[in-house]
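Presented below is the structure to which this report refers.
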2 protein chains.
Amino acid sequence: MDVLELESFLPYRLYRLADAVSREFSRVYKDRHGLTRPEWRTLAGLGQHGTMTATELGEQSAMHKTKVSRAVAELERRRWLTRTPDEKDRRVEHLTLTRAGLAAYGEMVPLAKAFEVNLMSKLTEGDMAALIKGLASIESASKQKLQTPTTLPTLVAAGEKK
Amino acid sequence: MDVLELESFLPYRLYRLADAVSREFSRVYKDRHGLTRPEWRTLAGLGQHGTMTATELGEQSAMHKTKVSRAVAELERRRWLTRTPDEKDRRVEHLTLTRAGLAAYGEMVPLAKAFEVNLMSKLTEGDMAALIKGLASIESASKQKLQTPTTLPTLVAAGEKK
DNA sequence: TTTCGATGGTTACAAATGAAACCAATTTGG
DNA sequence: CCAAATTGGTTTCATTTGTAACCATCGAAA
């Protein structure tokens, strides 16, 4: 029978690597400040851009709006950010880091950079460039709607449901 | 102040890409059979190797033992696999796909392969090779204990807890 | 042997996630 | 102008996940 070699299956390899790296990196924000990934990304987004709306945050950091919503709520609870209602459109809120939020951000940036440098140091210049290029290619490709080439009908047959 | 550009931050890019790819690929096993990722990996592991123990499965597919345990329980419930107690060590169970399990596996393998081919087709030969090489480098590096270079003390200060 | 630390695997509980419903406020199209 | 569709954002509920505790069973040491 036709067999799939999981270890070399690209989606699996990608996921596994990203998971390992991300897990390790999470120490930077989790151990020290008890942040979740969505919270860290929110902090990072605002630290980088100054002021953003929840929607913008979601776009920039690839998070579902519920994640953004919850992360923003938590950072607000910590008083790391404040919301300012938009003048023209009262559905929108502009989010900005407080002094405390900026302090936390400023503290984490060097750690993040050091982590990245350390990670990249595992690769030669050439490999690194290649990796980046490869990532970019797949990224742009996957934006254009990654196609799942299936011909089979969708069916969750009886007894297969959980 | 020192700023981090999230979009080009390697851990973020990796994660984001893996997430997008994995999400798209999940159609193959989720839409059609309602499997979760751990369930799919378990199926894939057994399909590839014939018979494995839970521990082996966890190692091969990088899953925590609780994930394996739950995935195995669900596949058993579906009668896609059976457990056989080990003769020598009664803690151990050998897992094998049933006919039904094999059928599901056999059905998904070509879809998985097609997905991968489609994905890789976005890259030139060279880029692909480079990407693989880059992944391998970081992988092997991250196995050797990815170091988080922090000097700061670990503290989850009062008021920062959730 | 008996005891004690590892190991294979499951379970309980809390936290994180995703999907869908929801509530405004806004825009669009008659 | 007004109804309907859209959009920004929150909330609810069901799943999924992670952590730690747990229950055997096993292996090594005394």
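Computed from a prediction, not measured in an experiment: that's the story for all the values here.
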**Message:** Can a side-chain donor-acceptor contact be found between Arg37(B) and Ser26(B) if the only test is distance below 3.5 angstrom?
**Reply:** no
**Prompt:** In whole angstroms, how far is the C1' atom of dT15(D) from the NZ atom of Lys30(B)?
**Reply:** 10 Å
**Asked** Does anything in residues 41-63 of chain A reach DNA chain D, meaning a heavy atom under 4.0 Å, and if so which residues?
**Response** Thr53(A), Ala54(A), Thr55(A)
**Pair Phe25(B) and Phe9(A), ring centroids less than 6.0 Å apart** = yes
**Prompt:** Given Arg27(A), which of Arg23(A), Glu24(A), Lys30(A) fulfils the side chain to side chain contact (heavy atoms under 4.5 Å, CB included) condition?
**Reply:** Glu24(A)
**Request:** Check Ala104(A) against Trp80(A) and note the closest heavy-atom contact, atom names and distance.
**Result:** CB-CH2, 3.5 Å
**Message:** Could you tell me how far apart Trp40(A) (CH2) and dA16(C) (P) are, to the nearest whole angstrom?
**Reply:** 18 Å
**Fill in**
Here the distance between atom C1' of dA16(C) and atom OH of Tyr15(B), to the nearest Å, is 11 Å
**Message:** Using a strict heavy-atom distance below 4.0 Å, which residues from residues 83-90 of chain A are in contact with DNA chain C?
**Reply:** Lys88(A), Asp89(A), Arg90(A)
**Request:** For Gln60(B) and Glu7(A), test the side chains for any donor-to-acceptor distance below 3.5 angstrom and give the result as yes or no.
**Result:** yes
**Request:** Could you tell me whether the side chain of Arg91(A) has a donor or acceptor atom within less than 3.5 Å of a complementary atom in the base of dT26(C)?
**Result:** no
**Message:** Does a side-chain N or O of Arg70(B) approach OP1 or OP2 of dT15(D) to a distance below 4.0 Å, or not?
**Reply:** no
**Request:** Please report, rounded to the nearest Å, how far the P atom of dT15(D) is from the NZ atom of Lys67(B).
**Result:** 18 Å
**Item:** Atom-to-atom span, NE2 of His64(A) to P of dG18(C) - whole angstrom
**Value:** 8 Å
**Prompt:** For the side chain to side chain contact (heavy atoms under 4.5 Å, CB included) test, which of Leu46(B), Thr96(B), Thr84(B) pairs with Thr51(B)?
**Reply:** Thr96(B)
**Asked** How do Asp19(A) and Glu93(A) order along DNA chain D: which one's closest nucleotide is nearer the 5' end?
**Response** Glu93(A)
**Complete:** Closest to the side chain of Lys65(A), out of dG9(C), dA19(C), dG8(D), is dG8(D)
**Prompt:** Taking 4.0 angstrom as the limit, do Lys113(B) and Glu116(B) come out as a salt bridge?
**Reply:** no
**Prompt:** Taking for each residue the nucleotide of DNA chain C with the nearest heavy atom, is it His94(B) or Arg37(A) whose nucleotide lies nearer the 5' end?
**Reply:** His94(B)
**Asked** Going by distance alone, is a donor N or O of one side chain under 3.5 Å from an acceptor N or O of the other, for His33(A) and Glu107(A)?
**Response** yes
**Complete:** For His64(B), the side-chain hydrogen bond (donor to acceptor under 3.5 Å, both in side chains) test, sequence neighbours excluded, returns none
